[in-house]
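Written below as structure tokens is the structure these notes are about.
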Amino acid sequence: MTEAYLILREFGARLRQVHVSEVNTRSKHDPLSYASILAYQEVAHLIPANVPLILETPVGAELIEAEIAKTRIALPMTRQVMVA
């Protein structure tokens, strides 16, 4: 998230959307973990509240609401959350 922090600090006002997921060591998307939630919380204040979040976390239909809830904890500002 160091790189994300630097980019957001410099260009945050130009953001149009944020794709949210955890990426594993094979560069594949995973559901949000506790560690990724904490990492997103560190940069959340740099993401404008009007920027939509797009979830790229691979979960079944029965877990979508839980993943949205985790995203709202990770990035707590009021905003629209979309599922990709």
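What you see below is based on every heavy atom in this structure, not just the backbone, and it leaves out hydrogens, waters and symmetry mates.
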> Val23 versus Lys28: any side-chain heavy-atom pair under 4.5 Å?
Replying inline: no
> Can you tell if the side chain of Thr57 reaches within under 4.5 Å of the side chain of Asp30, non-hydrogen atoms only?
Replying inline: no
> Partners of Glu67 by salt bridge (Lys or Arg N to Asp or Glu O under 4.0 Å), sequence neighbours excluded?
Replying inline: Lys70
>> Can you see whether Glu56 engages Ser21 through a side-chain donor-acceptor pair at a distance of less than 3.5 angstrom?
In response: no
> Honestly curious: do Ile37 and Tyr5 fall in one hydrophobic cluster under the side-chain, below-4.5 Å linking rule?
Replying inline: yes
Where do [X] and [Y] come nearest, in terms of heavy atoms and distance?
X	Y	answer
Pro48	Leu46	CD-O, 3.5 Å
Val51	Arg16	CG1-C, 3.9 Å
Tyr40	Val20	OH-CA, 3.7 Å
Pro76	Ala44	CD-CB, 4.0 Å

Rounded to the nearest 0.5 Å, what separates atom [atom1] in [X] from atom [atom2] in [Y]?
X	Y	atom1	atom2	result
Leu32	Thr71	CG	OG1	4.5 Å
Ile47	Leu53	CD1	CG	6.5 Å
Ile73	Gln41	CD1	CD	8.0 Å
Asn24	Ser33	CG	OG	11.0 Å

>> Under the rule for side-chain hydrogen bond (donor to acceptor under 3.5 Å, both in side chains), what residues qualify as partners of His45, not counting sequence neighbours?
In response: none
Without placing hydrogens or testing angles, list every side-chain donor-acceptor pair under 3.5 Å for residues 7-14, not counting sequence neighbours.
none

